[in-house]
2 protein chains.
Amino acid sequence: MERPIRIKDIAEAAGVSTGTVDRVIHGRGNVSPAKRAKVLEVMRALDYKPNIIASALAYNKNFRIGVLLPDPEIDPYWQAPYSGVTYALESVRHYGVTVQFYLFDLFKAETFVEQYEKLLADAPDAILFSPLFLKESKALLAKSSALGIPNVMVNTYIENSDSLSYIGPDSYQSGVLAARLLNFGLNNHATVIILNLAKGSTNAQHLLQKEQGFRDYYANFNSGSTTVVKYDFEDFDKEELMEGFMEEIFGKHPDLDGIFVTNSRAFRVVESISGEAAKRLKIVGFDLMKKNLDYLQTGEVDFIINQNSVQQGYWGIMTLFNHFILKQKVEKIQNLPLDIVVLENYSYYLRKEKSFQLAI
Amino acid sequence: MERPIRIKDIAEAAGVSTGTVDRVIHGRGNVSPAKRAKVLEVMRALDYKPNIIASALAYNKNFRIGVLLPDPEIDPYWQAPYSGVTYALESVRHYGVTVQFYLFDLFKAETFVEQYEKLLADAPDAILFSPLFLKESKALLAKSSALGIPNVMVNTYIENSDSLSYIGPDSYQSGVLAARLLNFGLNNHATVIILNLAKGSTNAQHLLQKEQGFRDYYANFNSGSTTVVKYDFEDFDKEELMEGFMEEIFGKHPDLDGIFVTNSRAFRVVESISGEAAKRLKIVGFDLMKKNLDYLQTGEVDFIINQNSVQQGYWGIMTLFNHFILKQKVEKIQNLPLDIVVLENYSYYLRKEKSFQLAI
DNA sequence: AAAGATCTTGTGTTCGCACACAGTTTGTGA
DNA sequence: TCACAAACTGTGTGCGAACACAAGATCTTT
């Protein structure tokens, strides 16, 4: 239970001053090769591990992160990543990390541009954003790259970007998993639909990947005996239109067995059809929205895949922190767990989202 | 982006010295009511939040935790909580937290006693342990209580203890979940068995709770049309005996449909029966042991419920840290998530276990 | 060999807070 | 009114590391 080794201990053991040890540790140069070697040797011999507490206190610099996300007021899904950012901030603000939010309307690409212009004008040290609009996001990536501002992406992935990291689900795999779950208890020769309830302007790439994963599951495991049809519908937020659309679906597929809703809006499907229909159908959707959980409890939704969207925000900030403050290596792709949520275990996931460890 | 408020700022604003502010913050007394009120008012007005970094550095005290767990060499399951403890330690050692391990043989109650005697003799500041032996654990609880040493329990719950916290699964609920999973794809009038592969000496209470949860699921949702039978078998580690036992089971239940293995030893079942039998049967077990995952991939095991046993160790240490160093309130019961693990999502959980956030 | 440039090294201050200690004020009793 | 205790308050030091600065050592150049 001996005391941890300090810089001072190394300095004494190596017969130099703490300043020299410091220069060796940080590679600041201006140290004679002989002393440098001696210090390194002593460091290894004593197994020196820096006290990050003291280090952080002395470091005493600011690190400003610009966060570009959809406004949670407009789409409740985005409350989750937003909360994750604020949780993370709670942990790292003592290290001088600050966050400035720039919220846009996820249904309007032009607000995305407006907000990133503001963000860039404020010249933050790093950017966390969700590339919901493909073209505009590439423009942002190019500009921030030119300005030398590093970034992390959450929720939606863009290939070949020079981002420090992507934090979010593996969309393809989430589609495979959804197919597996939907397929439980369905007989052969079933009919299932893939339902994209999204507006056209959004970056639809991850929806396509989900679809591909879903189809591939059936191709690989179910050898084509199941009919899979895809539909897109934009007016999911208009009650009557949505009901009409679902009626149309039932008309076209009287033998429908299951629905895979590719985003957090499974509850909209349940709201637009009768309770009996919902219970007969197998419905699989994403994310722990309040309404989704309500319908999980009534048995109208069968499975929810939790994409851990709170953690997107949390790990987004933490990744920047780990990289720039703690100088740790970070993974370029951080796929978050895909939790299978049913009636019997949903409460744990609700709780988990609120109990992050504070990284003091 | 203004600088955070420091004690010094409060002192200046309140017209007192930093010492007085310090006394108010820590309730050390010896402060006139007037100044005390003034300081509190200023603190609230400026929304003071202490810099825990600096606080931790200055606090500079040791906190020794005695950890009493089964030897991972004897049963591989226990590698997980053990790792969790060392991960947590990595995070909190800078705060002067140290850990001393006391490992016992989970098949021998007397080694549990030996080790806790040693532990108590070393007079740690707190204890983390797993109450695998009921009687002996109650004795330990009584002694540590008498000595005024606080404790947290992991993995197995003992009711009415004065422990600071329990961290582990809700055994009853894990049984319910297991039944739900096993019941997927099984027809009515199925036969399933509950299989306890454990030695008699161990605290079997949580196995009973799992059994109860399992039975209750069938009672509530399946209205009795499924036959549920329970078996205990102690010699699971002896190859021939185990094979003989499984043959006996098949003899008694030629129409067997599913097996619920109540602990981490589902792989022992698969190893003791033919591959075809394993694929035909639905098998549900616990924990991400290497061999369980192998059989998940071959389709011989159908579902694994992840009890997050690494996190038991992690949160065990963190709970003590939060309570005694950070002076935070902690929950008396912390039930860890019950993750449903299938082929399509197991990799995330393996990864998760290795990516704890360092709580600097 | 002297002057200057360059490289090397040690010392001292700072970060925000905890706590010891000394100093000041107020209260009490004779 | 004085002595002394008790209650209060301010100052100073240390936690371990980061970094600025100055001083010392070595090397060039003429």
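Computed over heavy atoms, backbone and side chain alike; hydrogens, waters and symmetry mates excluded. Order of the sequence lines fixes the chain letters, A, B, ..., with proteins taken first and strands second; residue numbering starts at 1 for each chain.
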Response to the item:
Testing D:dT9, D:dG14, D:dA18 for proximity to the side chain of B:A58, the answer is D:dG14
Worksheet item: Are B:S55 and C:dA18 close enough that a side-chain N or O sits under 4.0 Å from OP1 or OP2?
Response: yes
Worksheet item: Between A:Y95 and C:dC15, is there a side-chain N or O to OP1/OP2 distance below 4.0 Å?
Response: no
Practice prompt. Measure from CG on B:D22 to C1' on C:dC21 and round the result to the nearest Å.
Written response: 14 Å
Worksheet item: Is the phosphate of D:dA18, meaning OP1 or OP2, less than 4.0 Å from a side-chain N or O of A:K61?
Response: no
Worksheet item: If you measure from the Lys or Arg side-chain nitrogens to the Asp or Glu carboxylate oxygens, is any gap between A:E117 and A:K143 under 4.0 Å?
Response: yes
Practice prompt. Could you tell me the separation between the NZ atom of A:K38 and the P atom of C:dT9, rounded to a whole number of Å?
Written response: 14 Å
Worksheet, complete the sentence: Checking D:dG16, D:dC8, C:dT11 against the side chain of A:R6 (C-beta onward), the nearest is D:dG16
Discussion item. On the nucleotide C:dT9, are OP1 or OP2 found under 4.0 Å from the side-chain N or O atoms that A:K35 carries?
Written reply: yes
Worksheet entry | Separation of atom NZ in A:K49 from atom C1' in D:dG16, rounded to whole Å | 17 Å
Worksheet item: Considering heavy-atom distances to DNA chain D, does B:R23 or A:R23 have its closest nucleotide positioned more toward the 5' end?
Response: B:R23
Worksheet item: Got a second to check how far A:H94's NE2 is from B:K49's NZ, nearest 0.5 Å?
Response: 8.5 Å
Discussion item. If you only use heavy atoms from C-beta on, which nucleotide in C:dC19, C:dC15, D:dT9 is closest to the side chain of A:N60?
Written reply: C:dC15
Worksheet item: At under 4.0 Å, does any side-chain N or O of B:T18 touch on OP1 or OP2 of D:dG10?
Response: no
Practice prompt. Measure the spacing between NZ of A:K8 and OG1 of A:T18 and express it to the nearest 0.5 Å.
Written response: 9.0 Å
Practice prompt. Please determine, for the side chain of A:Y48, which listed nucleotide (D:dA17, D:dA18, C:dA18) has the closest atom?
Written response: D:dA17
Practice prompt. Please state how far atom NE2 in A:H26 lies from atom P in D:dA17, giving the value in whole angstrom units.
Written response: 10 Å
Practice prompt. Kindly assign one of parallel, tilted or perpendicular to the pair B:F112 and B:F104, based on the angle between their ring planes and the thresholds 30° and 60°.
Written response: perpendicular
Worksheet item: What is the distance, rounded to the nearest whole Å, between atom CD of B:E12 and atom P of C:dG16?
Response: 12 Å
Response to the item:
Of A:I5 and B:G19, the one whose nearest nucleotide on DNA chain D sits closer to the 5' end is B:G19
Discussion item. Could you tell me how far apart A:I325 (CD1) and D:dA18 (P) are, to the nearest whole angstrom?
Written reply: 13 Å
Worksheet item: Considering only side-chain heavy atoms of B:V16, which listed nucleotide, D:dG10, D:dA17, D:dA20, is closest?
Response: D:dG10
Worksheet, complete the sentence: Whole-Å distance, B:I7 CD1 to D:dG10 C1', equals 14 Å
Worksheet item: In whole angstroms, how far is the C1' atom of C:dC17 from the CG atom of A:L57?
Response: 8 Å
Worksheet item: Between B:S32 and D:dA7, does any side-chain N or O lie under 4.0 Å from OP1 or OP2?
Response: no
Practice prompt. Measure from the side chain of A:N51, starting at C-beta and using heavy atoms only, and say which of D:dA17, D:dA18, C:dT9 lies closest.
Written response: D:dA17
Discussion item. Can you classify the ring geometry of B:F321 versus B:Y95 as parallel (below 30°), tilted (30 to 60°) or perpendicular (above 60°)?
Written reply: perpendicular
Worksheet item: Checking all strands, does A:N30 fall into the base, sugar-phosphate, or nothing category for heavy-atom contacts under 4.0 angstrom?
Response: base
Worksheet item: Can you find a side chain N or O atom of A:S17 that sits less than 4.0 Å from OP1 or OP2 on C:dG10?
Response: yes
Item to complete: Go through the steps to decide whether A:F101 and A:T86 satisfy the test side-chain contact (heavy atoms from CB on, under 4.5 Å), and finish with yes or no.
Response: CA-CA 10 Å; A:F101 281 102; A:T86 58; 4.0 Å; yes
